[in-house]
Amino acid sequence: MNDNATAGTNQPQRYNPAEIEPKWQARWDADASLYKAEGHDSGKPKFYCIEMLPYPSGQLHMGHVRNYAIGDALARHMWMRGYNVLHPMGWDAFGLPAENAALKNNTPPREWTLANIAAMRKQMQRMGLSYDWATEVTTCLPEYYRWNQWFFVKMFEAGLAYRKKSKVNWCPDCQTVLANEQVVNGRCWRHEDTIVEQRDLTQWFLRITKYSDELLDGLEKLEGWPEKVRTMQRNWIGRSEGALVDFAVEGEVKVPGCAKITVFTTRVDTIFGATSVQLAPEHVVAKAFAAEDAGLAVKIEGLLAEQQRAREAGDVGAIEKHGIDTGRFAVNPFNGELVPIWVGNYILADYGTGAIMSVPAHDERDFEFAQKYGLEVRRVIALKAGGEDPALPYTAEEDAVLISSGEWSGLGCVEAQQKMAAFAQSKEFGTSTVTYRLKDWGVSRQRYWGTPIPMVYCTNGHAGVEPGGVVALPESALPVVLPPQIEITQQGGSPLGRVDSFVNTTCPVCGGPARRETDTMDTFVDSSWYFYRYTDASNSSAPFASEKANYWFPIDQYIGGVEHAILHLIYSRFWTKVMRDLGLVKNDEPAERLFTQGMVIKDGAKMSKSKGNVVSPDDMIARYGADATRMYALFAAPPDRDLEWQEEGVAGISRFLGRVHRLVTKYTEIVRAAGSREGTGSETEQKVLRKLHQTIAKMTQDFSGRWHFNTSIAAIMTLINELVAAEPAMDSGEVSAAAVTEVFRNLVLMLAPFAPFFAAEMWEQIGGESVVFRTAWPVADEELARENEMEIPVQVNGKLVNVVKVPAGSDEATVKAAALADEKVKARIEGKTIVKTIVVPGKLVNLVVK
RNA sequence: GCGAAAGUGGCGAAAUUGGCAGACGCACCAGACUUAGGAUCUGGCGGAGCAAUCCGUGGGGGUUCAAGUCCCCCCUUUCGCACCA
């Protein structure tokens, strides 16, 4: 850069990251042992630290840089604290972009993906991240995905993987099915503008609902997870306790199974107030009625269309309630009353039973609907304490009792719910039940670039398997390898279905002809267990050895974006429980602690190509170096908050490193020569050492607690500012060589987690032993850190007047006397009476005067 | 609509337990050095005022000797959920 003549006079070697960083990178890349975790027989405590693995798009973005800078600082710090650290990295390498790229550039997905991985690995190495590359996991390689298939077969055998025909979400852009979790407001999670369609398809599902309660209850114990994520998962699982009650349909219904309507309710205690039954437009009974009445059929179609439109508008909640009276009646089993059967556009087919009893007096939606159509509103819940009845709709359950409810009148709501459900069960017209919003995980994808589902359909069938029936492949037949060369086209359907050599196979049981399943697995399968594979990445006989996983798990710290709160983080919890039940691992949960970092934004908005506000990490590194770029990502905001990227700030960090470089270089000879010379005990020496040890204490605390690295870095900057001020004293010997040595050694050690290249260079320069990252983290000396003088603010009537200095540890009387002796204070209280004096030891004095 | 988080200088932010509001950095201003350079160093920098001093943490009330921090009401922003019966 600016290597002109003046630079040479008193600063022979200026901070030049372009020189330092590649030099160290070359050394580190050549030393595979540098970041290698020790085995599970290591005597040290373990620390398993992971950042979420990226999709190999080919380019790191600033969000990655921030994520990895946080994890790397933590991993390096824990190394220095003496832990056995496993800090791995991998690639979530299957997925649609590879197919799109293939279409566009005519490059095979595998080639494209592997090239991207190579490019991104290089970027990570350029950033100086401390990954153990020997444990690298790439999900699109058969060595990895064969274990997806292995798990799939295990789940099939355990009844956890099954096939069913159902309505599924279809993204016309992805040309594939989406899981419920991948649909956001009726749109595709990857295509914000694309409305997801509903299609009837036969698909593979994983029975995540078997673990609904455990997934929910487990959240209570995940205290190391952000409350926000736990809440989101709780909502997603959506457990709801209630009752099923059968309402018999009055009169004849020709379609079998339609003689009764089973409603789901959480408020069976309000059933005497039910004045209609409401069906979803797709309910079988509604369809049965429609079959008998063409006019009704048209109207019900209309309701369905309204629901569809609302879903497409992404605004299901705002739909105007609308319904149709079918003219038919149902019998309330509790009182024998006939209530009209309606079809409503606000009734969801896929929640509960798709049918409800409508109680306008005690449900807001039912109330709104009844008002519109003039249905009866009948109060059956009153205040327990008596007195004036609350306005309708009245939805409270606490301190409320049943009225006008026959023999149940007088019971409290909660008690009535239990007793009435039990009664319904004894009379066989109902039962108490629990429903969930969580649905089984649909994992079939009509795509090429994913894990082939290891199932075949035996054409002729054999004992126990009908013709065309499902047969799981035995372990010896795995992996089912993706055919490498395949033409990617835009036509629908599973691409593998067009490859005859793939489809046509033999049945592993009877040896007869069979067809392979041609769908591939959702890529979220890949990321559901990848972190177990890190512990034993090259195992070719099992997904991993249990003893290795049991040593490292649960993950001590998992770091990633909050956008995975539902998808990845719920799937991987599920997968862990399945593996536990298979006897592979002992832990119930994958990660002890989860940290979700904020977004990186620019000019107030998330960086995106369309907004043109993308800052490239490569540019930053080329201009300021990796150390400054990483350190800025930690300095600009606390890691859990959004970070506004300001290039001037990176320049500021670069200047700061330059100042440290100048100081370290200036005192290098003293530090290198230092023996065990005595300190001078001078005031400046005490001051410098005090600041040093206060900084060590602050940094150590930040790492173990809140991770507010912005304040840690600010503390180091303050230390540097003090050192600059102390330069004359360090030059004159007023600050001893021993003290200078102590300061600079510890300063470099403290910078190591944030600026690894810089720290390695400085450490070598001052003659530090071994590797800086394997040197023990400094320990704060409380004695040296202690202030010997305190500054005590003095207030009069709560307003600051002056600050007085007193010796540290002064008692109340001394502090008070010092406050009263202060000229400014004297002037302020002149002629007034002190009514009260508050002395908070070590904090302040407040004089209340009149 | 429900729930959560947030709102502090020109900007990013700090104040961990009710106790000096604005640490640290950016930008800006002044100065030094100078082959005048987007380098480096020194100093200044919430607002008003010559000053003493007064005002100031989204707005309004309250508790307290003392409130950015606690309580009540309201506003704004972001995120999550959203006819879930």
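Since this is a predicted model, take the numbers as computed values, not measurements. In what follows, every chain begins at residue 1, and chains take the letters A, B, ... in the order their sequences are listed. What you see below is based on every heavy atom in this structure, not just the backbone, and it leaves out hydrogens, waters and symmetry mates.
Atom name P, nucleotides B:G10 and B:A48: the rounded distance is 10 Å, in whole Å. When the P atom is used for both B:G62 and B:C11, the distance is 30 Å, rounded to whole Å. Nucleotides B:A21 and B:C71 place their P atoms 22 Å apart, quoted to the nearest Å. Atom name P, nucleotides B:G22 and B:A15: the rounded distance is 13 Å, in whole Å. For B:C26 and B:G60, the P atoms lie 35 Å apart once the distance is rounded to whole Å. The separation of B:A52 from B:G47, taken at their P atoms, amounts to 16 Å, rounded to a whole angstrom.
Rounded to an integer number of Å, the gap from A:Glu241 CD to B:A85 P is 11 Å. Here B:A85 presents its P atom at 10 Å from CG of A:Leu348, a figure rounded to the nearest Å.
Centroid-to-centroid, the aromatic rings of A:Tyr346 and A:Phe369 come within less than 6.0 Å. Ring centroid separation for the pair A:Phe709 and A:Phe703 comes in under the 6.0 Å cut-off. Remark: aromatic rings of A:Phe429 and A:Phe247 are distant, center separation not under 6.0 Å. Residues A:Trp225 and A:Phe595 place their aromatic rings such that the two centres sit no closer than 6.0 Å.
Among the protein residues, A:Gln278 comes within range of no part of the nucleic acid, since none of its heavy atoms lies under 4.0 Å from any strand. Using a 4.0 Å heavy-atom distance criterion, A:Val724 is classed as a sugar-phosphate-only contact. Using a 4.0 Å heavy-atom cutoff across all strands shown, A:Ile347 reaches at least one base atom of the nucleic acid.
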Verdict with supporting geometry, A:Thr718 and A:Thr695, side chain to side chain contact (heavy atoms under 4.5 Å, CB included): CA-CA 9 Å; A:Thr718 311; A:Thr695 307; over 6 Å; no

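Annotation: side-chain contact (heavy atoms from CB on, under 4.5 Å) contacts of A:Val724 (sequence neighbours excluded): A:Arg662, A:Leu663, A:Ile720, A:Glu727.
In RNA chain B, runs of at least 3 stacked Watson-Crick or G-U pairs (N1-N3 plus N6-O4 or O6-N4, or N1-O2 plus O6-N3, all under 3.5 Å) give these stems: B:1-7 with B:75-81, B:10-12 with B:24-26, B:28-32 with B:40-44, B:46-48 with B:53-55, B:58-62 with B:70-74.
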Extract from the structure each pairing of a protein N or O with an N or O of nucleotides 78-81 of chain B at less than 3.5 Å, listing the distance.
from  : atom 1 : to       : atom 2 : distance (Å)
B:C79 : O2'    : A:Lys228 : NZ     : 2.5
B:C81 : O3'    : A:Arg437 : NH1    : 3.4

Identify each atom pair where a protein N or O and an N or O of nucleotides 63-68 of chain B are less than 3.5 Å apart, giving names and distance.
from  : atom 1 : to       : atom 2 : distance (Å)
B:C65 : O2'    : A:Asn846 : ND2    : 3.1
B:C65 : O2     : A:Asn846 : ND2    : 2.6

Using nucleotides 48-55 of chain B, report all nitrogen or oxygen pairs with the protein that are shorter than 3.5 Å.
from  : atom 1 : to       : atom 2 : distance (Å)
B:C55 : OP2    : A:Lys799 : NZ     : 3.1

Report each atom pair, protein N/O against N/O of nucleotides 22-26 of chain B, whose distance is under 3.5 angstrom.
from  : atom 1 : to       : atom 2 : distance (Å)
B:G25 : OP1    : A:Asn721 : ND2    : 3.3
B:C26 : OP1    : A:Arg655 : NE     : 3.3
B:C26 : OP1    : A:Arg655 : NH2    : 2.9

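A:Glu220 has no carboxylate O lying under 4.0 Å from a charged side-chain N of A:Arg230, or vice versa, which leaves the two without a salt bridge. Electrostatic pairing of A:Lys602 and A:Glu644 does not count as a salt bridge here, judged by no charged N lying under 4.0 Å from a carboxylate O.
Applying the 90° criterion around 0 to the glycosidic angle, B:G10 comes out anti.
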